[in-house]
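Report on the structure given below.
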Amino acid sequence: MSATAARLRRVAAVATAAVAVTACGGSVLLPPSVSSNDRGVGPVVESTRRTISDPNAIVPSRSVQESTLIGASSTSPLDILVVGGGATGCGVALDAATRGLRVGLVEREDFSSGTSSRSTKLIHGGVRYLEKAVFNLDYGQLKLVFHALEERKQVIENAPHLCHALPCMTPCFNWFEVVYYWMGLKMYDLVAGRHILHLSRYYSVQESIELFPTLARKGKDKSLRGTVVYYDGQMNDSRLNVGLACSAALAGAAVLNHAEVVSFLKDEGTERIIGARIRDKLSGQEFETYAKVVVNAAGPFCDSVRKMANKDAQAMICPSSGVHVVLPDYYSPEGMGLIVPKTKDGRVVFMLPWLGRTVAGTTDSNTSITALPEPHEDEIQFILDAICDYLNVKVRRTDVLSAWSGIRPLAMDPTAKNTESISRDHVVCEDYPGLVTITGGKWTTYRSMAEDAVNAAIKSGKLSPRNECITGNLRLVGGDGWESSSFTVLAQQYVRMKKTHGGKVVPGVMDTASAKHLSHAYGTLAERVATIAQNETLGKRLAHGYPYLEAEVAYCARNEYCESAIDFIARRSRLAFLDTDAAGHALPRIIEILAKEHNWDRSRQKQEMQKAREFLETFKSSKNAQFHDGKHQ
């Protein structure tokens, strides 16, 4: 008991310190923002805000964006060229463009095609990092939590249609756990300060079962003593990433997906990087783009980009694999998540409601870097093992609708023994003249990471921004003016016109599920999608049991740089992540609509089908995985 008492005393001591710091607004731990978000804002900036928030604004076409990049010559270069179209890269493009800089961005695959679409879907400060900060007396970890909680609030406010607060339940199977988790999560509230979402609280056993009916009353030789519920944020990660790309395009950035850097251009005298040779992977065309500074935001692949500049560059990335599985909705109630605070190897596993299904994860293990990571069967079984002891539902491998792996680009600490112990803080460096690298960090802090990278680029290139950073208070496309009740307008004023197999056009109701989906996915732009469904007879659902409409394919091809079937099933909709079997069944119709939008011939359509099928095979659902289901039958 003395060890237990000592642990509680330490928690209490740090909680007291947190109260003191919070009372001072957290200024002891966090330096004031360089941007101050609204300083230096003038009429041009307000015009940019209006353009991004205008529900009728149209992003420049892909061909126009490519022409802009081609036009960036040695005598008239871009200010910044960003390599990588994930959350950080698109965040950099948006930040720089809204500062009045000339910006280009190229992404080898699609916006959010890598790590940024394969997250746990949480916008969080890091409960686990706070625990480490307490027991290791780690000032750096505590500072990281303060900062992440501030950014969490801003991410939710800047994209309210794609992000929301989510309560997470922590089961307690003895009274020590009740006190321990209650105190720890109260400290999490205190650290959040004015950025808090909602207060955490304790629930009795009966209250907990009412809130989470599938929660087990008994664990391993233990009985449930209650739960502590706290709040973090949840997001639709890839749609948030696409929203960043489209917002950057509306702000003036030339963003181009499916375009890879082949090599860097260097000044013959100084060897400084002054641009890049780029290959358009859709057309095969190569061209040169000049820029005063290149920002490397390639995520797990940032080392390969650095080695283009210097083949002897030392590796910065320690790749970590994070696997998630998707289960039917009955595993968790709508609007309440579950956290398994201690698994057999000390990790934390979440089980969260997400887009009408349940996502569970994650793992944290060393991995190699690959473009299409696949989950290992033992990692899937690990997640199922972790949650089964906390549920009264029979956990079955055959219930896995989709399973995927993502690679976290952790900044390497050579003294760390494993990736789980490495801090998720980010690193900005310029280890080759003209090439600024931003890596590490996490989704929650993408905005401040981008701000730091742009500041470094301005310093490197001696750039002259029109104003300071404004992204701390900048609604993304579709977010300004959106309300949670906005879906009612769609339900009341639009119908889904559908074409039968016989060619007859029949009206269908814009049901609540479809209306809510469109409203949350597209925000204030949802009416444009609903108009296509109504006026172009594209109102059918793409897959049984899911609210995705044919009209979305056409809309995304015209307005969101959706250039392939994979772009749609994985990043514009989330069908591949939610249900690989449903995504496979929807592919023929998706390709048919895209072929009409992009003028594909039969050969291209066949190629798209083959690539999409191969892509879906990397999602190890029960339909396409080989497994021996012993425990989870």
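Bear in mind that the values here come from a model prediction, so they are computed numbers and not experimental data.
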Do [X] and [Y] have side chains that approach each other closer than 4.5 Å (heavy atoms only, starting at C-beta)?
X: Tyr548; Y: Leu575; result: yes
X: Val323; Y: Phe382; result: no
X: Val529; Y: Leu549; result: no
X: Ile123; Y: Thr444; result: yes
X: Glu131; Y: Val134; result: no
X: Thr358; Y: Tyr330; result: no
X: Met235; Y: Trp443; result: yes
X: Thr580; Y: Val326; result: no

Salt-bridge test for [X] and [Y]: reply yes if a basic N is under 4.0 Å from a carboxylate O, no otherwise.
X: Asp579; Y: Arg357; value: no
X: Asp237; Y: Arg118; value: no
X: Glu374; Y: Lys620; value: yes
X: Arg447; Y: Glu150; value: no
X: Asp364; Y: Arg408; value: yes
X: Arg496; Y: Asp511; value: yes

Exercise for the section: Go through Leu616 and Leu587 one step at a time and tell me if the side-chain contact (heavy atoms from CB on, under 4.5 Å) criterion holds. Expected result: CA-CA 11 Å; Leu616 289 174; Leu587 274 175; 4.0 Å; yes
Problem - Lys516 atom NZ: more than 12 heavy-atom contacts under 6.0 Å - result: no
Between [X] (side chain only) and [Y] (backbone N and O only), is there a donor and an acceptor less than 3.5 Å apart?
X: Thr88; Y: Ala450; answer: no
X: Asn241; Y: Ala87; answer: yes
X: Ser247; Y: Leu476; answer: no
X: Lys153; Y: Ala192; answer: no
X: Asp189; Y: Ser200; answer: yes
X: Ser204; Y: Glu207; answer: yes
X: His585; Y: Asp581; answer: yes
X: Tyr188; Y: Gly126; answer: yes
X: Gln234; Y: Pro353; answer: yes
X: Thr115; Y: Ile407; answer: yes

Taking every non-hydrogen atom, the tightest pair across [X] and [Y]:
X: Val155; Y: Tyr446; answer: CG2-CE2, 3.9 Å
X: Cys318; Y: Asn366; answer: SG-OD1, 4.5 Å
X: Leu352; Y: Cys168; answer: CD2-SG, 4.1 Å
X: Leu338; Y: Pro171; answer: CD1-CG, 3.6 Å
X: Thr227; Y: Ser208; answer: OG1-OG, 2.7 Å
X: Arg152; Y: Tyr231; answer: NH1-O, 3.2 Å

Problem - Verdict with supporting geometry, Arg574 and Asn236, side-chain hydrogen bond (donor to acceptor under 3.5 Å, both in side chains) - result: CA-CA 9 Å; Arg574 308 314 309 275; Asn236 186 336; 2.9 Å; yes
Practice task
Kindly state whether the ring of His161 and the ring of Tyr522 have centres lying under 6.0 angstrom apart.
Solution key: no
Handout entry: is_close_aromatic(Tyr390, Phe173), centroid dist under 6.0 Å
Key = yes
So, [X] and [Y]: side-chain donor and acceptor under 3.5 Å apart, yes or no?
X: Arg128; Y: Gln141; value: no
X: Ser112; Y: Arg239; value: no
X: Thr120; Y: His324; value: yes

Practice task
Just jot down the salt bridge (charged side-chain N to carboxylate O under 4.0 Å, His left out) partners of Asp110, sequence neighbours excluded, or say none.
Solution key: Arg571, Arg572
Practice task
Would you mind listing every side-chain hydrogen bond (donor to acceptor under 3.5 Å, both in side chains) that reaches into residues 474-492, with sequence neighbours excluded?
Solution key: Trp482-Ser519
Between atom [atom1] of [X] and atom [atom2] of [Y], what is the distance when rounded to the nearest 0.5 Å?
X: Ser402; Y: Phe619; atom1: OG; atom2: CZ; result: 5.5 Å
X: Thr170; Y: Trp182; atom1: OG1; atom2: CH2; result: 14.0 Å
X: Glu550; Y: Leu542; atom1: CD; atom2: CG; result: 6.0 Å
X: Asp378; Y: Asp385; atom1: CG; atom2: CG; result: 10.5 Å
X: Arg194; Y: Leu149; atom1: CZ; atom2: CG; result: 12.0 Å
X: Tyr139; Y: Leu144; atom1: OH; atom2: CG; result: 12.0 Å

Exercise for the section: Give the intermediate values and the outcome of side-chain contact (heavy atoms from CB on, under 4.5 Å) for residues Leu384 and Arg397. Expected result: CA-CA 8 Å; Leu384 298 180; Arg397 177 63 175 87; 4.0 Å; yes
Exercise for the section: Please test Glu379 against Ser365 for side-chain hydrogen bond (donor to acceptor under 3.5 Å, both in side chains), starting from the C-alpha separation and ending with a verdict. Expected result: CA-CA 9 Å; Glu379 293 176 303; Ser365 53; 3.1 Å; yes
Practice task
Test Met169 against Met336 for side-chain contact (heavy atoms from CB on, under 4.5 Å), laying out the working first.
Solution key: CA-CA 7 Å; Met169 180 175 282; Met336 178 66 75; 4.1 Å; yes
Practice task
Report the relative orientation of the aromatic rings in His124 and Phe350; use parallel for angles under 30°, tilted for 30 to 60°, perpendicular for over 60°.
Solution key: tilted
Practice task
Step by step, work out the side-chain hydrogen bond (donor to acceptor under 3.5 Å, both in side chains) result for Tyr494 and Glu527.
Solution key: CA-CA 9 Å; Tyr494 292 88; Glu527 288 193 56; 2.7 Å; yes
Problem - Ring-face cation contact, Phe577 with Lys121, 6.0 Å cut, 45° max - result: yes
Practice task
Give the intermediate values and the outcome of side-chain contact (heavy atoms from CB on, under 4.5 Å) for residues His147 and Ser448.
Solution key: CA-CA 9 Å; His147 179 58; Ser448 64; 2.7 Å; yes
